[in-house]
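If you read the sequence from its start, that first residue is 1, and numbering goes on from there. What you see is a predicted model, and the numbers here were worked out from it, not measured in a lab. Read the numbers this way: they start at 1 and go in the same order the structure lists the ligands and their atoms.
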Amino acid sequence: MKRHCCENMTYHANFECKIHENHFECPDKIIIFDRKNNDYGLIIHDGVTSSISISFCPWCGSKL
Ligand SMILES: [Zn+2]
Ligand SMILES: [Zn+2]
């Protein structure tokens with residue numbers, strides 16, 4: 001399993017909701033991690049499936 005920069009990121013990147021199958025529908029899911037591209041994204045909960053890709057960790061500030 002990939003190591004993330006800090007505990008917060010590990011928690012959120014691996015977070016799987018048991019209620020919402022679609023990550024974009026879950027208000028608790030805020031970070032999406034694309035294993036293929038090694039890319040982190042911040043989910044925007046505005047009703048459409050959008051996310052912005054982030055280069056720095058919002059918790060510890062590490063470069064991702
Ligand atoms: Zn971090
Ligand atoms: Zn949920």
_Please report, to 10°, the angle around the Zn ion (ligand 1) from atom SG (Cys60) across to atom SG (Cys6)._
110°
*Please work out whether the ring planes of Tyr40 and Phe33 are parallel, tilted or perpendicular, with thresholds of 30° and 60°.*
tilted
*Between the side chain of His12 and the main-chain N/O of Lys29, is any donor-acceptor distance below 3.5 Å?*
no
*Closest N/O/S atom of His20 to the Zn ion (ligand 2), by atom name?*
ND1
*With the Zn ion (ligand 2) at the centre, find the angle made by SG from Cys17 and SG from Cys26, to 10°.*
110°
*Heavy-atom check, side chain of Met9 versus side chain of Pro58, under 4.5 Å*: yes
_Closer than 3.5 angstrom, by distance alone: can the side chain of Asn22 be matched with the main-chain N or O of Phe24 as a donor-acceptor pair?_
yes
*Metal site the Zn ion (ligand 1): N/O/S of His4 inside 2.8 Å*: no
